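Here's the structure, in structure tokens; my notes come after.
Since the model is a prediction, treat every value here as computed from it, not as a measurement.
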Amino acid sequence: MNPARPGGRREALVKAAAEMFFEQGYAATSIDAIIARAGGSKRNIYNEFGNKEGLFASIVSENAERILSALRIDEIEGRDLRETLMVFGTRLMDGYMSPALIGAYRTVVTEADRFPGLVRSFYEQGPGRATARLAEVLEEARDRGEIQTDDCARVAGHFVGMVRDNLHLQVVLGLRPPPSEDETKVAVASAVQVFLRGVRADPAG
């Protein structure tokens with residue numbers, strides 16, 4: 001995409017901001033520094049995002065959109081629940097382990113006291129959205145008799161937590177690199193298996 005075009009400029013700004021938040025932290029990253037790396041002007045940023053917090057929210061939201069694409073109606077039609085959870089879990093893992101979201105997570109943890117709105121935006125645009133949409137998918141599965149649970153929102157949160165696992169914390173702490181494609185596949189498959197065994201409806205019951 002041509003950076004001179006509006007869409008290209010937005011993409012360049014989001015990419016530069018994500019890199020700099022990851023490298024330097026939110027508070028230490030200035031609008032001017034982002035512009036120096038990505039090009040453009042302050043007017044570009046204010047028109048596109050409103051302010052630095054809006055730019056941060058866009059980073060989280062756009063990564064969430066990629067994750068949630070696994071749960072669009074046209075994506076899951078014809079899939080069984082296991083396959084849907086595998087695809088969603090894989091995209092969730094890839095998203096959580098991406099430099100942009102690792103940087104965002106580190107940012108909200110370190111800046112929580114000074115920027116409470118940033119923390120709220122991160123949760124609502126990222127983990128909150130993913131869990132809420134998965135809960136809807138699980139409600140539909142429950143209505144079809146595939147699973148049994150009284151609280152789809154809670155078990156959706158369980159699944160997201162199982163996928164994130166300690167791997168996410170290890171990567172956030174810099175104890176290990178993000179998992180490989182094979183490691184991700186094994187980890188997600190394990191989470192799906194344990195999850196479904198815990199909520200699958202018992203035909204004999």
Side-chain angles (χ1 to χ4, degrees), residues 1 7 10-11 14-15 18 57-105 108 120-172 176-205:
M1 185 178 289
R10 178 186 175 87
E11 183 178 302
V14 170
K15 181 176 184 295
S58 291
I59 294 169
V60 177
S61 178
E62 290 178 18
N63 277 274
E65 288 294 340
R66 284 192 284 273
I67 294 168
L68 290 172
S69 66
L71 297 179
R72 287 199 304 256
I73 298 300
D74 58 336
E75 286 282 334
I76 63 178
E77 191 171 357
R79 285 186 187 152
D80 64 16
L81 183 57
R82 179 181 293 276
E83 185 181 0
T84 296
L85 291 174
M86 279 298 302
V87 175
F88 173 70
T90 299
R91 292 189 192 174
L92 185 68
M93 177 81 84
D94 290 343
Y96 269 124
M97 300 300 178
S98 69
L101 284 192
I102 290 293
Y105 185 85
V108 298
R120 187 177 302 107
S121 176
F122 174 84
Y123 181 78
E124 291 176 353
Q125 293 295 322
R129 286 179 67 197
T131 304
R133 176 62 187 126
L134 178 59
E136 293 173 354
V137 172
L138 294 177
E139 286 169 2
E140 293 164 5
R142 181 183 62 190
D143 292 344
R144 294 192 300 268
E146 293 183 57
I147 63 173
Q148 58 181 18
T149 175
D150 294 328
D151 192 341
C152 288
R154 184 178 296 277
V155 297
H158 291 334
F159 181 75
V160 169
M162 289 169 66
V163 170
R164 189 172 61 238
D165 195 25
N166 278 340
L167 272 175
H168 181 248
L169 182 59
Q170 290 166 3
V171 174
V172 167
R176 57 156 294 157
S180 66
E181 185 176 339
D182 286 343
E183 286 179 303
T184 295
K185 183 177 179 180
V186 169
V188 173
S190 175
V192 170
Q193 181 180 26
V194 173
F195 178 79
L196 287 178
R197 282 183 175 178
V199 298
R200 186 181 299 277
D202 181 1

For residues 160-170, tabulate all N or O donor-acceptor pairs below 3.5 Å that involve a side-chain atom, not counting sequence neighbours.
from: R164; atom 1: NH1; to: Y96; atom 2: OH; distance (Å): 3.4

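Listed by chain and number, the residues in a side chain to side chain contact (heavy atoms under 4.5 Å, CB included) with E183 are R176, P179, S180 (sequence neighbours excluded). Evaluation of the ring-ring contact (aromatic ring centres under 6.0 Å, His included) rule for H158 yields no partner, not counting sequence neighbours. With sequence neighbours excluded, no residue forms a salt bridge (charged side-chain N to carboxylate O under 4.0 Å, His left out) with E139. Every residue two or more places apart in sequence or in another chain that forms a salt bridge (charged side-chain N to carboxylate O under 4.0 Å, His left out) with R144 is listed here: E146. Considering only residues two or more places apart in sequence or on other chains, S69 meets the side chain to side chain donor-acceptor pair (under 3.5 Å) condition with R91. Remark: K185 pairs with no residue by the side chain to side chain donor-acceptor pair (under 3.5 Å) rule, at least two apart or across chains. By the side chain to side chain donor-acceptor pair (under 3.5 Å) test, E140 pairs with no residue at all, sequence neighbours left out. For F159, the ring-ring contact (aromatic ring centres under 6.0 Å, His included) test picks out F195, with sequence neighbours left out. With sequence neighbours excluded, no residue forms a side chain to side chain donor-acceptor pair (under 3.5 Å) with E83. Under the side chain to side chain contact (heavy atoms under 4.5 Å, CB included) criterion, A18 pairs with I59, A100, sequence neighbours left out.
The CG atom of L138 lies 6.5 Å from the CG atom of L85; values are rounded to the nearest 0.5 Å. Here the CD atom belonging to Q125 is positioned 10.5 Å from the CD atom belonging to E62, to the nearest 0.5 angstrom. Taken from CZ in R66 to CG in D94, the straight-line distance is 10.5 Å, to the nearest 0.5 Å. In this structure, R197 CZ and Q193 CD are separated by 4.0 Å, a value rounded to the nearest 0.5 Å.
Other residues, nucleotides and ligands place no more than 12 heavy atoms under 6.0 Å from the CZ atom of R120. Heavy-atom neighbours of D150 CG from other residues, nucleotides or ligands within 6.0 Å: at or below the threshold of 12.
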Test log, rule side chain to side chain contact (heavy atoms under 4.5 Å, CB included), inputs M97 and T184: CA-CA 10 Å; M97 300 300 178; T184 295; 6.0 Å; no

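For the residue pair L92 and A130, the shortest heavy atom distance occurs at CD1-CB, 4.4 Å. Heavy atoms only, all atoms of each residue included: V60 and A104 are closest at CG2-CB, 4.1 Å. Summarising the geometry of A135 relative to A153, their closest heavy-atom pair is CB-CA, 3.8 Å, with the distance given to 0.1 Å. Nearest heavy atoms, L81 versus A141: CD2-CB, 4.0 Å.
Panel note: side chain S61, backbone A57; no donor-acceptor pair is recorded below 3.5 Å. In this structure, T90 contributes its side chain and M86 its backbone to a donor-acceptor pair below 3.5 Å.
Residue pairs meeting the salt bridge (charged side-chain N to carboxylate O under 4.0 Å, His left out) criterion with at least one partner in residues 121-133, sequence neighbours excluded, are E65-R129, R133-E136.
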